[in-house]
Amino acid sequence: MSRLQKGKKAIKQMYEKKEKLQEDAKDNAERLKQLFSYGINKDFSYKQLVADYNKKKIYLFFYASIVNSDKIEEFIIKPIHEGEGDKLSKIINTRDLIEITDFEQATDDINNGKIVLLMEGDSIGYSMEVSDFKHRAISQPANESVIRGPKEAFTESLFVNISLVRKQIRDKQLITEQSSVGTRSKQSVVLVYVSDIVNDEILKNVRERIESIEVDTVRNVELLEQYIEERPYSIFPSILYTERPDNAGAYLEDGHIILLMDNSAACLILPVTFWDLFHSPEDRYSRFIFGNFTRAIRFFSFYITTMISAAYVSLANFHSEMIPPDLLFAITAAREYVPFPLIVEILLMEFAFELIREAGIRIPNPLGPTIGIVGALILGQAAVEANIISPIIVIVAALSGLTSFVIADTSLNYTVRISRFIFILSAAFLGMLSLVGVFLLWFMYAASLKSFGVPFFAPLAPYYKSSGDTMFRKALRAEIWRPSHIKPKDLHKKQRK
């Protein structure tokens, strides 16, 4: 059996037996070397030193790629060689030095960027925080840009993200509660909430869902979201995803909970309602009239992008008497030489638009203009001239696609795109009759959803007292209440005068 296979078998046994550290440090050192496949695993480092103060052997274990080597040299190796005292805790003078008693804790600490120290004649080990995970600098949000307001976005570093949140909320009641997910690769999850505002039942619900996850690895919040949401097969999102610390801070002030993880340049906000998915941080940075104007555009765009193609199919195929005669004549004339039925024609254009959208996201930047040429010339002008589609279909599909970009939330954007195809197919069946029927089913399904116990259409249905920031918002001076549908401990945002 190779050393690598021996290492895998040893790790499996260690987790099954909860193996304790032995009295002989040399045996413990050999066990750790076996667990980490020392010799094959080139990143794993092992050092053997002799402490000057008691002349005993000391063994150090760490991953060279994720630790700060200067910190190890200055605060560990140098004191061991030169320090004076009667015990290790006085030689290595740091508050991060913690005792460990089993191999599972030792391996977890090494995987998390700590250094593990074993001393001859000592039956316990020690670990010390020396991690130095690399991450990019703070930059502007890529998907939630604003004209007014902060320009900082989360990064892939958990500690940097916590710092950005604390920069927004300087409150002693802001709690960062850490737990871990994953049985094989344990990743830290940080729940952030304001303790004297957050609802305890929702907080308990979130904790239980995180603790119930039993998988080898959950690498980031994007994967965590799919493990903790209530209906994983629903097309509606029940958790808000944001890359803006100021947006997260605004929700924390109202009593929501946010989740942070390493490797994610975003956080999860929960619970949320349907209306929260339309909100943008910039709504509150603008005067309330301007903010409400942009929200009205978003709601109007939501209706247009989900319904315009389906409504066109329905009216043109089944209710042509509702179309003004001149427009009906123009539509008929434009479709005279098109060989396909209307439903095929519009599905072709909608599918082509989805192709352009997906290609635009994944195409390399230098080739970006190619997408514009392909979309405008080939799928637009050339397809019309070849009588594959009629000009009015290009207008309908373009309007439907353009309005979908107004919806800022990525998850809701997918909901709209999928729903649009459902409505188009339903309209092709019996016109407005089937379209209205499917819309009612779609609406009833959305109304049945809950986000961590909170109804999806609250505070409008069912009615709850709110800050007034639901579909449209009030002037900031008139906001008195926190959203009562999440049952915060302190409902008053400020005292009524």
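Here, residue 1 is the first one in the sequence, and each next residue gets the next number. Since this is a predicted model, take the numbers as computed values, not measurements.
Screening residues 427-443 for side chain to side chain donor-acceptor pair (under 3.5 Å) gives Ser419-Trp442 as the qualifying pairs, with residues at least two apart or on separate chains. Pairs of residues two or more places apart, or lying in two chains, that qualify as side chain to side chain donor-acceptor pair (under 3.5 Å) and include a residue from residues 321-339 are Arg335-Glu345. Screening residues 302-316 for side chain to side chain donor-acceptor pair (under 3.5 Å) gives Thr305-Arg420, Ser309-Glu350 as the qualifying pairs, with residues at least two apart or on separate chains. Annotation: salt bridge (Lys or Arg N to Asp or Glu O under 4.0 Å) contacts involving residues 364-374, sequence neighbours excluded, are absent. Applying the side chain to side chain donor-acceptor pair (under 3.5 Å) test to every pair with at least one member in residues 244-261, sequence neighbours left out, gives these pairs: Thr242-Asn247, Arg244-Asp246, Asp246-Tyr285, Asp254-Lys493.
Scored by the salt bridge (charged side-chain N to carboxylate O under 4.0 Å, His left out) test, Asp132 finds Lys134 as partners (sequence neighbours excluded). Listed by chain and residue number, nothing satisfies the side chain to side chain donor-acceptor pair (under 3.5 Å) test with Asp262 (two or more places apart in sequence, or in another chain). For Arg362, the salt bridge (charged side-chain N to carboxylate O under 4.0 Å, His left out) partners are Glu358, not counting sequence neighbours. Not counting sequence neighbours, the partners of Met322 by the side chain to side chain contact (heavy atoms under 4.5 Å, CB included) test are Leu315, His319. Listed by chain and residue number, nothing satisfies the salt bridge (charged side-chain N to carboxylate O under 4.0 Å, His left out) test with Lys151 (two or more places apart in sequence, or in another chain). Scored by the salt bridge (charged side-chain N to carboxylate O under 4.0 Å, His left out) test, Arg219 finds no partners at all (sequence neighbours excluded). Annotation: ring pair (Phe, Tyr, Trp, His ring centres under 6.0 Å) contacts of Tyr241 (sequence neighbours excluded): none.
Ile98 has its side chain within reach of Lys114: a pair of non-hydrogen atoms, C-beta onward, lies under 4.5 Å apart. Trp481 is not listed as a side-chain neighbour of Tyr464, based on a closest heavy-atom distance of 4.5 Å or more. Using a 4.5 Å cut-off on side-chain heavy atoms (C-beta onward), Leu223 and Thr217 make no contact. Using a 4.5 Å cut-off on side-chain heavy atoms (C-beta onward), Ser212 and Glu208 make no contact. Contact annotation: the side chain of Asp276 never approaches that of Ile269 to less than 4.5 Å [non-hydrogen atoms, C-beta and beyond]. Taking 4.5 Å as the limit, some side-chain heavy atom of Pro459 sits within range of a side-chain heavy atom of Thr470. Using a 4.5 Å heavy-atom cutoff, the side chains of Glu225 and Val221 are not in contact. Looking only at side-chain heavy atoms (C-beta outward), Val454 and Ile202 come within less than 4.5 Å of each other.
No side-chain donor-acceptor contact under 3.5 Å links Glu214 and Thr183. Side chains of Ser131 and Glu129: a donor-acceptor N/O pair is present below 3.5 angstrom, by distance only.
Taking the six-membered ring for Trp and thresholds of 30 and 60 degrees, Phe456 and Phe236 have ring planes more than 60 degrees apart, a perpendicular arrangement.
For Lys489, the NZ atom sits in a packed shell: over 12 heavy atoms of surrounding residues, nucleotides or ligands are nearer than 6.0 Å. By the neighbour-count criterion of 12 heavy atoms within 6.0 Å, atom CZ of Phe159 is sparsely surrounded, having that number or fewer from other residues, nucleotides or ligands. Atom CD of Glu201 is surrounded by 12 or fewer heavy atoms from other residues, nucleotides or ligands within 6.0 Å. Annotation for Phe429: atom CZ does not count as buried by contact number, only 12 or fewer foreign heavy atoms lying within 6.0 Å. Residue Ile147 qualifies as open at atom CD1: its count of foreign heavy atoms under 6.0 Å is 12 or below. Within a 6.0 Å radius of NZ in Lys71, other residues, nucleotides and ligands contribute more than 12 heavy atoms.
Panel note: side chain Ser301, backbone Ile297; a donor-acceptor pair is recorded below 3.5 Å. Side chain of Arg231 to main chain of Leu449: no donor-acceptor pair is present (N/O by atom type, distance under 3.5 Å, no hydrogens or angles). Ser145 places no side-chain N or O within 3.5 Å of a backbone atom of Pro141 that could act as its donor or acceptor partner. The backbone N or O of Gly255 sits nowhere less than 3.5 Å from a side-chain atom of Asn199 that would complete a donor-acceptor pair. In this structure, Arg482 contributes its side chain and Leu491 its backbone to no donor-acceptor pair below 3.5 Å. One N or O on the side chain of Glu243 and one on the backbone of Ala142 form a donor-acceptor pair closer than 3.5 Å. At least one donor-acceptor pair closer than 3.5 Å links the side chain of Ser451 to the backbone N or O of Val272. The closest donor-acceptor contact from the side chain of Arg136 to the backbone of Glu156 lies at 3.5 Å or more, if one exists at all. Between the side chain of Asn161 and the backbone N or O of Ser157, at least one donor-acceptor pair lies under 3.5 Å.
Note that CD1 of Ile424 is 10.0 Å distant from CG of Leu435, once rounded to the nearest 0.5 Å. Here Ile304 contributes atom CD1 and Leu399 contributes atom CG; the two are 6.0 Å apart, rounded to the nearest 0.5 Å. Rounded to the nearest 0.5 angstrom, Glu177 CD and Ser195 OG are separated by 10.5 Å. In this structure, Leu425 CG and Ile343 CD1 are separated by 5.5 Å, a value rounded to the nearest 0.5 Å. One finds the CG atom of Leu327 at 12.0 Å from the CZ atom of Phe329 (value rounded to the nearest 0.5 Å). Between the CD1 atom of Ile239 and the SG atom of Cys267 there is a distance of 11.0 Å, given to the nearest 0.5 Å.
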Practice item. Please step through side chain to side chain donor-acceptor pair (under 3.5 Å) for the pair Glu222 and Ser264, ending with a clear verdict. Key: CA-CA 8 Å; Glu222 289 80 4; Ser264 295; 3.2 Å; yes
Exercise for review: Dump the intermediate steps for side chain to side chain contact (heavy atoms under 4.5 Å, CB included) on Val165 and Phe154, then the final yes or no.
Suggested key: CA-CA 9 Å; Val165 172; Phe154 287 122; 3.8 Å; yes
Exercise for review: Check the pair Thr415 / Ile407 against side chain to side chain contact (heavy atoms under 4.5 Å, CB included), numbers first and verdict last.
Suggested key: CA-CA 11 Å; Thr415 303; Ile407 300 165; over 6 Å; no
Exercise for review: Under the side chain to side chain contact (heavy atoms under 4.5 Å, CB included) rule, what do Leu441 and Met444 come out as? Steps first, then yes or no, please.
Suggested key: CA-CA 5 Å; Leu441 291 174; Met444 286 189 288; 3.8 Å; yes
Exercise for review: Start with the C-alpha gap between Ile72 and Ile115, add the side-chain angles, then the distance that decides, and say whether side chain to side chain contact (heavy atoms under 4.5 Å, CB included) holds.
Suggested key: CA-CA 8 Å; Ile72 292 175; Ile115 186 169; 4.0 Å; yes
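Both tests pass for Arg209 against the ring of Phe452: distance under 6.0 Å to the centre and angle within 45° of the axis. Taking the ring axis of Phe288 as reference, the NZ or CZ atom of Arg477 does not stay both within 45° of it and closer than 6.0 Å to the ring centre.
A salt bridge links Arg295 with Asp469; the closest basic N to acidic carboxylate O contact falls under 4.0 Å.
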